[in-house]
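Heads up, the thing below is written out as structure tokens.
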Amino acid sequence: MTEPAFAAPDAASRPLWLVPQGPDGPVLPDGVDPAWPAATGFAGKPGQVCLLPGDGGLKGALFGVGKPASPADRPARERFTLAKAADALPAGDWHIAGMPEGYDAAHGALGWLFAQYRFDRYKKGEPARARLVCPDGVNADLLIAQAAGEYLARDLINTPASDMGPDALEQAARDLAGRHGATVEVIAGEDLLARNFPMIHTVGRAAAQAPRLIDLRFPGEGPAVTLVGKGVCFDTGGLDIKPASSMALMKKDMGGAANVLGLAETLARLGRAGGLRVLIPAVENAISSNAFRPGDVLTSRKGLTVEVNNTDAEGRLVLADALALAAEEKPSLLVSMATLTGAARVALGPDLPPFFCDDDRVAETICQAGRDNADPVWRMPFWEPYEAMIEPAIADLDNAPGGGFAGAITAALFLRRFTEGAGSYVHFDIYGWQPTAAPGRPKGGVGQGMRAILHALPGLL
Ligand code: BES
Ligand code: MN
Ligand code: ZN
């Protein structure tokens, strides 16, 4: 993994002025001759860059931040605009020499770090060239810790299943634990049956790499928080096989695991991981003669029976056993993150993950933290009247209610059945993938909800 970094504070760096667009053109800093920006067409529009020539070379640069009052330029419309500077500026170190009042320098700097991410495991690309000196008054450690968590989540998601099966996902968890003094317990293969994790075993038993439950605990005092991440390293759909177009991206079906590991990395770097537990059911939903079948009835760890009406609704099965284990020790907060349903994408699109939570105060704290930290999330309901939809004729629960209406909600209701005993339960149905490049977010794996949770946590416990 590449390590996110700012330029050294004392580095010889060039000035970068963040320039708003005024009624009569860009609002230039003192000492900059307006003739050059005007001649080059620089208007201060969001993301516009103007290099300033100086004696014997480059003196500095202007970066447009638009008219915050105009609907087209409002920060809410596009996140991390300053990330464009990281890509557009020439190599070297830069510092922010001026910015409009009210500009969120921490947000800009985080976007810059996000833009420097590269996934270069299989192909050496252009390394990030322009580095930023962390702006005055901005907490560099906090931003670096968040970027490191984001980089880790992206790396894990981007790595294809050929190199990120259950073995490699376990190793990634062990590496993380090793960096931060956490302990890891892994229950794998037949031991899952002996230790009563039948649904994790059932979903993963057809794969070449054994299914497993990865259990990380961080040392130190702190509130009892347990994060559970869906670790389906590849989702073929099982015997209810997915069509090629739906299977194409299914290396990312461990996106929930990637996000909880990323969040754990951030918390650990900040010294805030005391009391944290991370659980990952890691499996591949594969096809073989011993694969589980449509119509099978499974008995879960909690004792509830589940009729498998679609082997492609595998995430909720493996999560159910992990959530049941988590709930047994009654954590104050239990969070699941999972690339769980296509229905969540249909409802809110790829960039706005829904989350479910019964506690209004917890939910509002998470929404606010998401808004404040450029990590938007949207609450959806655990809608009780739909409980009947997950109750089939011959078992306690149905993993894939017919009709498919309210698919994200029925999946969330299914998971909630296994969380009794936890203080608050919050479930995120994430996409974990950036379909087209945006500032700070190249196409590929992306974190969703990590910063909302990180910044909400102090207010929740
Ligand atoms: N991993 C998928 C959900 C998914 C698909 C997330 C595409 C993001 C993008 C999950 O295991 C799945 O296949 N869900 C089914 C459930 C259905 C069979 C009840 C779905 O959403 O179609
Ligand atoms: Mn599936
Ligand atoms: Zn899946």
Side-chain angles (χ1 to χ4, degrees), residues 153 157 161 164-166 169 199-200 202-204 206-207 211 228-259 280-287 291-296 306-322 336-356 380 386 389-392 397-415 427-435 443-449:
I157 296 172
M164 191 46 66
L169 188 55
M199 297 207 295
I200 299 175
T202 298
V203 171
V228 180
K230 172 175 171 180
V232 175
C233 294
F234 194 79
D235 184 9
T236 64
L239 292 176
D240 288 306
I241 190 169
K242 286 180 184 292
S245 58
S246 306
M247 206 190 296
L249 263 183
M250 281 300 122
K251 69 172 183 180
K252 77 173 178 73
D253 213 18
M254 33 58 72
N259 271 257
I280 296 170
V283 301
E284 183 179 337
N285 189 16
I287 299 171
F292 72 129
R293 296 157 288 252
D296 285 357
V306 179
E307 185 177 300
V308 177
N309 280 312
N310 194 321
T311 61
D312 198 10
E314 83 298 337
R316 67 199 75 184
L317 301 175
V318 298
L319 287 168
D321 278 353
S336 54
M337 304 188 86
T339 50
L340 201 61
T341 70
R345 260 74 274 158
V346 174
L348 298 181
D351 203 23
L352 184 61
F355 75 95
F356 301 79
M380 293 210 335
Y386 293 164
M389 290 163 67
I390 59 171
E391 291 163 353
L397 290 168
D398 182 340
N399 82 326
F405 284 148
I409 295 177
T410 52
L413 288 171
F414 184 101
L415 296 182
H427 161 61
F428 287 80
D429 193 333
I430 63 170
Y431 191 57
W433 189 261
Q434 184 68 30
K443 180 177 173 179
V446 73
Q448 292 187 315

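In listed order, ligands and their atoms are each counted from 1. Along the sequence shown, residues carry numbers from 1.
The protein atom (non-hydrogen) at minimum distance from atom 15 (C) of ligand 1 is D312 O, 4.0 Å. Looking only at protein heavy atoms, the nearest one to atom 10 (C) of ligand 1 is L340 O, 3.3 Å. Nearest protein neighbour of atom 7 (C) of ligand 1, counting heavy atoms only, is M250 CE, 3.4 Å. Atom 6 (C) of ligand 1 has its closest protein heavy atom at T339 O, 3.7 Å. Scanning all protein heavy atoms for the shortest distance to atom 1 (N) of ligand 1 gives D253 OD1, 2.8 Å.
For the pair R345 (side chain) and D351 (backbone), a donor-acceptor distance under 3.5 Å is absent. Side-chain N or O atoms of S336 include none that pairs as donor or acceptor with a backbone N or O of V228 at under 3.5 Å. Without hydrogens or angle criteria, Q448 side chain to P350 main chain gives a donor-acceptor distance under 3.5 Å. Counting only distance, with no hydrogens or angles, the side chain of K230 and the backbone of T339 share a donor-acceptor pair below 3.5 Å. Distance alone, capped at 3.5 Å, places no donor-acceptor pair between the D429 side chain and the A412 backbone.
The K252 neighbourhood of ligand 1 comprises atoms 8 (C), 9 (C), with distances under 4.0 Å to a heavy atom of that residue. Distances below 4.0 Å separate heavy atoms of G342 from the following atoms of ligand 1: 3 (C), 4 (C), 20 (C), 21 (O). If you number the atoms of ligand 1 from 1 as listed, the ones under 4.0 Å from a heavy atom of N310 come out as 18 (C). Remark: ligand 1 atoms within the under-4.0 Å shell around heavy atoms of K230 are 1 (N), 10 (C), 11 (O). If you number the atoms of ligand 1 from 1 as listed, the ones under 4.0 Å from a heavy atom of D235 come out as 1 (N), 2 (C), 10 (C), 11 (O), 13 (O). Near R316, the atoms of ligand 1 lying under 4.0 angstrom from a non-hydrogen atom of the residue are 16 (C), 19 (C). The ligand atoms of ligand 1 that sit less than 4.0 angstrom from a heavy atom of E314 are 11 (O).
T236 OG1 to E284 CD: the interatomic distance, rounded to the nearest 0.5 Å, is 7.5 Å.
Restricting D235 to its N/O/S atoms, the shortest distance to the Zn ion (ligand 3) is reached by OD2. Shortest distance from the Mn ion (ligand 2) to E314 is reached at OE1 (N/O/S atoms only). Looking at E314, its N, O or S atom nearest to the Zn ion (ligand 3) turns out to be OE2.
Residue A338 comes nearest to L319 through the heavy atom pair CB-CD1, 3.6 Å, listed as atom of the first residue, atom of the second, then distance. Taking both residues in full, the closest heavy atoms of N259 and M337 are given as CB-SD, 3.9 Å, listed atom of the first, atom of the second, then distance. Pairing each heavy atom of N399 with each of F414, the nearest pair is CA-CE1, 3.9 Å. The minimum heavy-atom distance between A286 and A291, with the atom names listed, is O-CB, 4.0 Å. Taking each heavy atom of R293 and D296 in turn, the nearest pair found is N-OD2, 2.8 Å. Of all heavy-atom pairs between G238 and I287, the closest is O-CD1, 3.3 Å.
Within the 2.8 Å limit, D253 places at least one N, O or S atom next to the Zn ion (ligand 3). Metal site remark for the Zn ion (ligand 3): A338 contributes no N, O or S atom at a distance under 2.8 Å.
For a threshold of 3.5 Å applied to N or O pairs, the pair formed by K242 and ligand 1 contains at least one separation below that value.
The shell of residues lying under 4.0 angstrom from ligand 1, judged by heavy atoms, excludes M247.
Rounding to 10 degrees, one finds that the Mn ion (ligand 2) sits at the corner of an angle of 170° between D235 OD2 and D312 O.
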